[in-house]
K.L.:
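Attaching a single structure in structure tokens format; questions to follow.
Note that ligands are numbered from 1 as they come in the structure, with each ligand's atoms numbered from 1 the same way.
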Amino acid sequence: MTRPLKIAFAGLGTVGGGVVKALQKRSEILEARAGRPLEIVGMCARSRHKSRGFEVTNWVDDPQALAAGDADVIVELIGGEDGPALALSEAALESGKHVVTANKALLARHGAHLAALAESKGLALRFEAAVAGGIPIVKSLRESLIAYGVVTVRGILNGTCNYILTQMEATGRSFEEVLSDAQHLGYAEADPTLDVGGGDTAHKLALLAGLAFGMTPDLDHMPVEGIAHISPEDIAFAREFGYRIKLLGIAKATAQGIDQRVQPAMVKAGTPLADVDGAFNAVMAVANDAGPFFFEGRGAGEAPTANAVIADLVDIARGNMGPAFGIPAHSLISLSPAPAGSAVSAFYLRFQVLDVPGVLAEIAGHLAKWRVSIESMIQRGRAPSEAVSIVMITHETKHADVQRALKTIALSDKVIAPPCMIPMEAR
Ligand code: HSE
């Protein structure tokens, strides 16, 4: 019989459990795909005796012990950007074991280092499950969309945020109300900070940018904004202008350098990204002359993420040991960031103001001073002296200019809340 690929698991939660179940239930078909049996030789998790719906075998108490065992591959599903996950990944590679991980936080910080270590030992470091769950975007950027180069990647990379924004639009309820419901239903984490603050999207974007541009993943030059400040009013105005608000991870190669950021953006209704609803993820990758490619699918959950891990394991079983980020780790370039605020787009602006003479002129004056040109505007009248929203869509303008204008406008005694600015993407 052909030598099996021996696999050990550090972490048996949703993803790890899903992989074990699929390996146990579909062993024959997966063996045919892999060209050899996929054999589980080690399991380790926080609790041994939890009921998991599969048989726990080859148990070890300490995940670090897996690096010294007889596995060919360690599946790292511990999580966390340092600590045990980093220690295990390093020890596994040092001792000649391939590593498959779903840990975006780990790779966004240490991906280039781990990739170099893997290559120096002739090993594979694979992470399909780390970005957009079941969507095969890592392999696509690493091995498929390569002939003409990729210039832009835009992604809806966090299902929790997309679910919340979709529900806010459908129900007219506030961010806080929808988040609380989502937590009760188990759709959002008890501590949702990493999701709704944009951090999870940032980790995933750093990996996509690394793959797309052949660069070291870089979280240090990436402005990150979450969705907590998005109001039902913004969502309703967006709809009125023909847009939907989505939390996007955006990485673009520009003449000034790489522009990468995470922020809520207005996406034109009817375009592929705008139509991604609920907890789904999606990625639009623009590959120069080869054109745009759009991927959509489930970004989390047992089967989609287990599918991604198993695809990596089968790749390794077949001997696909290519570099983790598509080019040798020593060739990965350091990000040369586009200057802060140099990105150009149209904007949605909303000002909460007192409806008194001169307020519009004052706002328009500050915008004009920073060369921000208004394309269209809505103001709904109410009783004199009551607060109203003035909403504008601008022409294309530099982000820094809008930021400067809004900083001054916010100081006006007629403006009663911090102005809201949301860029329009891909309109
Ligand atoms: N919490 C993430 C999401 C999935 O909501 O999409 C894991 O990164």
K.L.:
Between D200 and ligand 1, which residue portion shows a heavy-atom distance shorter than 4.0 Å: side chain, backbone, both, or neither?
P.N.:
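Within the 4.0 Å criterion, D200 contacts ligand 1 through side-chain atoms alone.
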K.L.:
Do S345 and E425 have side-chain atoms, one donor and one acceptor, less than 3.5 Å apart?
P.N.:
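No - no donor-acceptor pair under 3.5 Å links their side chains.
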K.L.:
Do G159 and ligand 1 have an N or O pair less than 3.5 Å apart?
P.N.:
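Checking ligand 1 against G159, an N or O pair does fall under 3.5 Å apart.
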K.L.:
Starting from atom 7 (C) of ligand 1, which protein heavy atom do you reach first, and at what distance in Å?
P.N.:
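Answer, as residue, atom name and distance: K104 NZ, 3.5 Å.
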K.L.:
Under a 4.0 Å N-O cut-off, is there an ion pair linking E81 with K104?
P.N.:
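So E81 does not pair with K104 through a salt bridge.
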K.L.:
May I have the step-by-step check of side-chain contact (heavy atoms from CB on, under 4.5 Å) for V262 and L248, ending in yes or no?
P.N.:
CA-CA 6 Å; V262 174; L248 296 186; over 6 Å; no
K.L.:
Compare D195, T305, V131 and give the one whose heavy atom is closest to atom 2 (C) of ligand 1.
P.N.:
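Residue with the shortest heavy-atom distance to the ligand atom: D195.
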K.L.:
Establish, from distance only, whether the side-chain atoms of S342 and H399 form a donor-acceptor pair under 3.5 Å.
P.N.:
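No donor-acceptor contact under 3.5 Å links the two side chains.
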K.L.:
What protein heavy atom sits nearest atom 5 (O) of ligand 1, and how far away is it?
P.N.:
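For this ligand atom, the closest protein heavy atom is T160 OG1, 2.5 Å.
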K.L.:
Atoms of ligand 1 less than 4.0 Å from N158 heavy atoms?
P.N.:
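Atoms satisfying the 4.0 Å criterion: 2 (C), 3 (C), 5 (O), 6 (O).
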K.L.:
Can E189 be said to touch ligand 1, with heavy atoms closer than 4.0 Å?
P.N.:
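False for this residue.
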K.L.:
If you measure from each heavy atom of K204 to ligand 1, is any distance below 4.0 Å?
P.N.:
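Right, K204 reaches ligand 1.
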K.L.:
Keeping to residues at least two apart or across chains, list the side-chain hydrogen bond (donor to acceptor under 3.5 Å, both in side chains) pairs with something in residues 192-209.
P.N.:
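Residue pairs passing side-chain hydrogen bond (donor to acceptor under 3.5 Å, both in side chains), neighbours aside: N158-D195, N158-D200, D191-T193, D200-K204.
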K.L.:
Decide, yes or no, whether a salt bridge links R36 with E31 under the criterion of side-chain N to carboxylate O below 4.0 Å.
P.N.:
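Between E31 and R36 there is no salt bridge, as every charged N stays at least 4.0 Å from the carboxylate O atoms.
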